[in-house]
*Asks:* 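Handing you this structure, nothing more for now.
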Number of protein chains: 2
Amino acid sequence: MSQAQLVKQLKVSCEACSLSELCLPRGLTHDELVKLDAYIERPRSTDANTQIFQPGDEFHAFYAVRTGGVKTYLTQKTGEQQILGFHLPGEIFGLDGMETGKHRCYAATLENTSYCALPYDKLDGLCEVMPDLRHQICHLVGHELNADHTHLLLLGQQTAHERLASFLLSISSRFKRRGFSATSFILPMSRHDIACYLGIAVETVSRLFKSLQDKDIIQINRKQVDILDMDALNEMVSNCSEEDV
Amino acid sequence: MSQAQLVKQLKVSCEACSLSELCLPRGLTHDELVKLDAYIERPRSTDANTQIFQPGDEFHAFYAVRTGGVKTYLTQKTGEQQILGFHLPGEIFGLDGMETGKHRCYAATLENTSYCALPYDKLDGLCEVMPDLRHQICHLVGHELNADHTHLLLLGQQTAHERLASFLLSISSRFKRRGFSATSFILPMSRHDIACYLGIAVETVSRLFKSLQDKDIIQINRKQVDILDMDALNEMVSNCSEEDV
DNA sequence: GTCAAGACTTGATATTGATCAAGGAACCCG
DNA sequence: CGGGTTCCTTGATCAATATCAAGTCTTGAC
């Protein structure tokens with residue numbers, strides 16, 4: 001990236017960012033936003049499949065996805081990975097380092113992605129004087145916890161069919177929240193990543209997509225998904241605490 | 001409980017509490033501790049199987065287990081429950097309310113239990129003037145997130161054998177941390193609860209315990225567990241991020 | 001444009017762990 | 001102390017999903 005491009009990117013402040021209402025700045029006053037903005041680092045974009053951090057790396061910032069997508073995951077000695085979450089534009093990741101000051105999981109991009117870094121020590125200092133920021137951070141942290149809890153329920157109690165339906169509904173509601181179509185979107189992740197997120201085999205993901213298509217509940221072609229029957233998807237999920245994650 | 005007993009219990013300050021080094025007060029100075037202590041509510045003990053909060057209840061405090069044990073869980077429409085975590089003395093629960101101000105999961109006691117309530121609005125105010133408290137809360141929240149992540153890896157990628165081994169190691173290390181034996185302890189939860197935590201059937205839990213006993217890895221009688229071969233248990237867990245949860 | 005590598009799909013078979021069923025042990029209550 | 005209830009264990013069978021094995025489609029590199 002050229003110096004000119006870099007400068008241009010840096011100029012996109014939180015205040016001008018279309019995602020600010022989903023992101024850390026939500027609920028802040030103009031003055032507060034300006035103070036926060038001064039600290040935010042905006043790294044350049046990265047390609048797909050680039051690692052952002054890994055276990056043992058120093059935790060120095062929360063990250064916010066601006067464009068593209070990120071997965072966080074753990075691995076077993078044997079190599080299998082468990083995807084902990086997919087992070088779409090406006091969503092935060094990297095909180096796993098808060099316990100020890102070192103990250104405990106991996107974070108990698110799903111596609112060409114740009115993201116902001118919100119330095120932890122700066123945020124900590126601002127928390128002292130900006131109650132709204134403190135509350136927004138608590139809100140985001142609580143959201144992460146609840147998303148993990150919904151994911152635990154999915155992995156522990158749902159059948160493969162229910163898991164895939166939950167997954168589609170979650171992605172759909174998150175696209176909708178950002179102003180995109182809830183029924184027609186492009187999945188940013190591979191079948192393999194979906195399988196690792198849902199704790200099932202890739203082959204099963206493939207078969208289940210086909211089964212949903214055969215029942216005219218969805219139309220799927222590669223990564224393009226069209227939801228034809230949202231009610232049917234909702235009925236498949238017997239989950240009593242389903243919400244946007 | 002009589003008034004006299006209640007008063008006596010209230011007098012057990014954080015400073016005098018043997019668990020304070022595991023709990024919220026960790027790392028605070030004497031002066032800070034006194035300020036915090038003034039706000040802490042110490043409800044009386046409750047029996048086993050008592051609900052502490054449920055989804056929709058107002059979130060007004062973090063809770064810290066003093067004696068006994070607590071489980072937090074979600075349920076599906078069909079009734080199955082997924083246990084999100086077991087909380088032993090010195091451990092915190094109730095953070096799930098931070099997102100919306102309402103709890104999202106259930107919390108219930110496993111046995112006769114006493115716990116403290118740490119009012120959220122008071123903690124928030126103290127955070128403004130006590131950086132150490134702020135950091136300790138971040139540490140605890142990060143710990144919760146990491147515990148959930150380890151649990152996700154367990155549910156998504158481990159076999160039933162590995163899950164039970166992970167569970168025993170987790171409980172063992174937590175007893176050890178509190179100064180008790182790591183190899184001989186009484187499980188505070190039922191087989192059913194273990195099954196709901198591990199995402200497997202009760203019958204499977206029973207069979208796996210027997211199998212571990214037949215291999216002379218553990219000795220188990222009702223809820224009394226003796227670990228005979230800790231190395232064997234560790235080897236069963238191919239998890240690369242295993243730590244005390 | 002062609003080739004190679006990777007991603008995805010589809011089919012056949014295997015296996016883990018669920019479910020169904022029953023009996024035994026501990027515990028609570030009167 | 002006795003009887004019922006719940007918890008736990010054990011056995012037999014079944015089903016969901018993993019695994020193994022090809023084969024096809026995409027995509028990117030040269």
Side-chain angles (χ1 to χ4, degrees), chain A residues 47-50 69 71 76 78-83 108 110-112 154-167 186-214 218-225 236 238, chain B residues 47-50 69 71 76 78-83 108 110-112 154-167 186-214 218-225 236 238:
Chain A
D47 287 340
N49 302 309
T50 304
K71 63 177 174 181
Q76 297 209 115
T78 45
E80 300 94 335
Q81 61 177 231
Q82 175 62 45
I83 292 186
L110 297 169
E111 53 185 321
N112 207 307
L154 178 146
L155 291 179
Q157 304 298 333
Q158 294 182 201
T159 65
H161 282 86
E162 292 168 332
R163 293 182 200 195
L164 192 67
S166 298
F167 167 75
I186 293 173
L187 294 173
M189 70 292 283
S190 66
R191 298 288 192 271
H192 177 77
D193 283 340
I194 296 172
C196 289
Y197 177 80
L198 298 178
I200 58 183
V202 219
E203 294 93 329
T204 305
V205 172
S206 205
R207 280 184 253 267
L208 292 176
F209 271 140
K210 181 155 189 281
S211 147
L212 286 177
Q213 181 161 253
D214 289 348
I218 64 168
Q219 177 71 37
I220 184 162
N221 188 336
R222 275 314 255 198
K223 302 201 158 161
Q224 169 68 47
V225 174
M236 286 180 66
S238 52
Chain B
D47 287 340
N49 302 310
T50 305
K71 63 176 174 182
Q76 297 209 117
T78 45
E80 300 95 334
Q81 63 178 229
Q82 174 61 44
I83 293 186
L110 297 170
E111 53 185 323
N112 207 308
L154 179 146
L155 291 179
Q157 303 298 332
Q158 294 182 201
T159 66
H161 282 87
E162 291 169 333
R163 294 182 200 195
L164 192 67
S166 297
F167 167 76
I186 292 173
L187 293 173
M189 70 292 286
S190 67
R191 298 288 192 270
H192 178 77
D193 283 341
I194 297 172
C196 289
Y197 177 80
L198 297 179
I200 57 182
V202 220
E203 294 94 329
T204 306
V205 173
S206 207
R207 278 185 254 267
L208 291 175
F209 272 141
K210 181 156 190 281
S211 147
L212 286 177
Q213 181 161 250
D214 289 348
I218 65 168
Q219 178 71 36
I220 184 162
N221 189 336
R222 271 318 252 198
K223 303 201 157 161
Q224 169 68 48
V225 174
M236 288 179 65
S238 53

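In what follows, chains carry the letters A, B, and so on, assigned in the order in which the sequence lines appear, proteins first and then strands, with residues in each chain numbered from 1.
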*Asks:* Where the side chain of A:Q219 meets the backbone of A:V225, is there a donor-acceptor pair that is under 3.5 Å apart?
*Replies:* no
*Asks:* Classify the nucleic acid contact of A:S190 as base, sugar-phosphate or nothing, counting any heavy atom under 4.0 Å across all strands shown.
*Replies:*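 Sugar-phosphate: the residue A:S190, judged by heavy atoms under 4.0 Å, touches backbone atoms but no base.
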*Asks:* As a test of reading the structure: which of D:dT17, D:dA18, D:dC7 is closest to the side chain of B:R222, going by heavy atoms?
*Replies:*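 Looking only at heavy atoms from C-beta outward on B:R222, the closest nucleotide is D:dC7.
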*Asks:* In whole angstrom, give the distance that lies between atom CG of B:D193 and atom P of D:dT6.
*Replies:* 16 Å
*Asks:* Rounded to whole angstrom units, what separation is found between the NE2 atom of B:H161 and the P atom of C:dA18?
*Replies:*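 After rounding, the gap between these two atoms is 12 Å.
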*Asks:* OP1, OP2 of C:dA18 versus side-chain N and O of B:T204: anything below 4.0 Å?
*Replies:* yes
*Asks:* Expressed in angstrom and rounded to an integer, what is the separation of A:K223 atom NZ from D:dT26 atom P?
*Replies:* 13 Å
*Asks:* Using whole Å, what does the distance between atom P of nucleotide D:dT24 and atom NZ of A:K210 come to?
*Replies:*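 Interatomic distance, NZ of A:K210 to P of D:dT24: 16 Å.
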*Asks:* Rounded to whole Å, how long is the line connecting atom CG of B:L212 with atom C1' of D:dT9?
*Replies:*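 Between C1' of D:dT9 and CG of B:L212: 15 Å.
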*Asks:* By nearest nucleotide on DNA chain D, pick out whichever of B:I220 and A:G199 is the more 5' one.
*Replies:*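 Nearest-nucleotide comparison on DNA chain D picks B:I220.
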*Asks:* Look at the side chain of A:R207 and the base of C:dG11, then say whether one donor and one acceptor between them are separated by less than 3.5 Å.
*Replies:* yes
*Asks:* Any side-chain heavy atom of B:I194 sitting closer than 4.5 Å to one from B:L164?
*Replies:*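 Yes. Closest side-chain heavy atoms under 4.5 Å.
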*Asks:* Side chain of A:E203 only, please: which of D:dT19, C:dC8, D:dT10 is the nearest?
*Replies:* D:dT19
*Asks:* Quick one: A:L155 CG to D:dT17 C1', roughly how many Å, whole number?
*Replies:*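 From A:L155 CG to D:dT17 C1': 15 Å.
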*Asks:* What distance do A:Q158 atom CD and B:Q76 atom CD have between them, rounded to the nearest 0.5 Å?
*Replies:*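 Spacing of CD (A:Q158) from CD (B:Q76) equals 5.0 Å.
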*Asks:* Can you measure A:L208 atom CG to C:dT9 atom C1' for me and round it to whole angstrom units?
*Replies:* 13 Å
*Asks:* Donor-acceptor pair under 3.5 Å: do we get one between B:R163's side chain and the base of C:dG17?
*Replies:*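 Looking at the base of C:dG17, it does not pair with any donor or acceptor on the side chain of B:R163 (distance under 3.5 Å).
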*Asks:* To the nearest 0.5 Å, how far apart are CG in B:L212 and CE in B:M236?
*Replies:* 5.0 Å
*Asks:* It should be established whether A:R191 places a side-chain nitrogen or oxygen under 4.0 Å from OP1 or OP2 of nucleotide C:dT9.
*Replies:*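 Answer is yes, contact under 4.0 Å.
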*Asks:* Output the single nucleotide from D:dT17, C:dG17, C:dT19 whose closest atom is nearest the side chain of B:A160.
*Replies:* C:dG17
*Asks:* Hey, what do you get for CE (B:M189) to SG (B:C196), rounding to the nearest 0.5 Å?
*Replies:*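 B:M189 atom CE to B:C196 atom SG measures 12.0 Å (nearest 0.5 Å).
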*Asks:* Of the listed nucleotides (C:dT19, D:dT10, D:dA18), which one gets closest to any side-chain atom of A:A201?
*Replies:* D:dA18
*Asks:* Please give, in whole Å, the distance from D:dC7 P to B:M189 CE?
*Replies:*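 That distance rounds to 15 Å.
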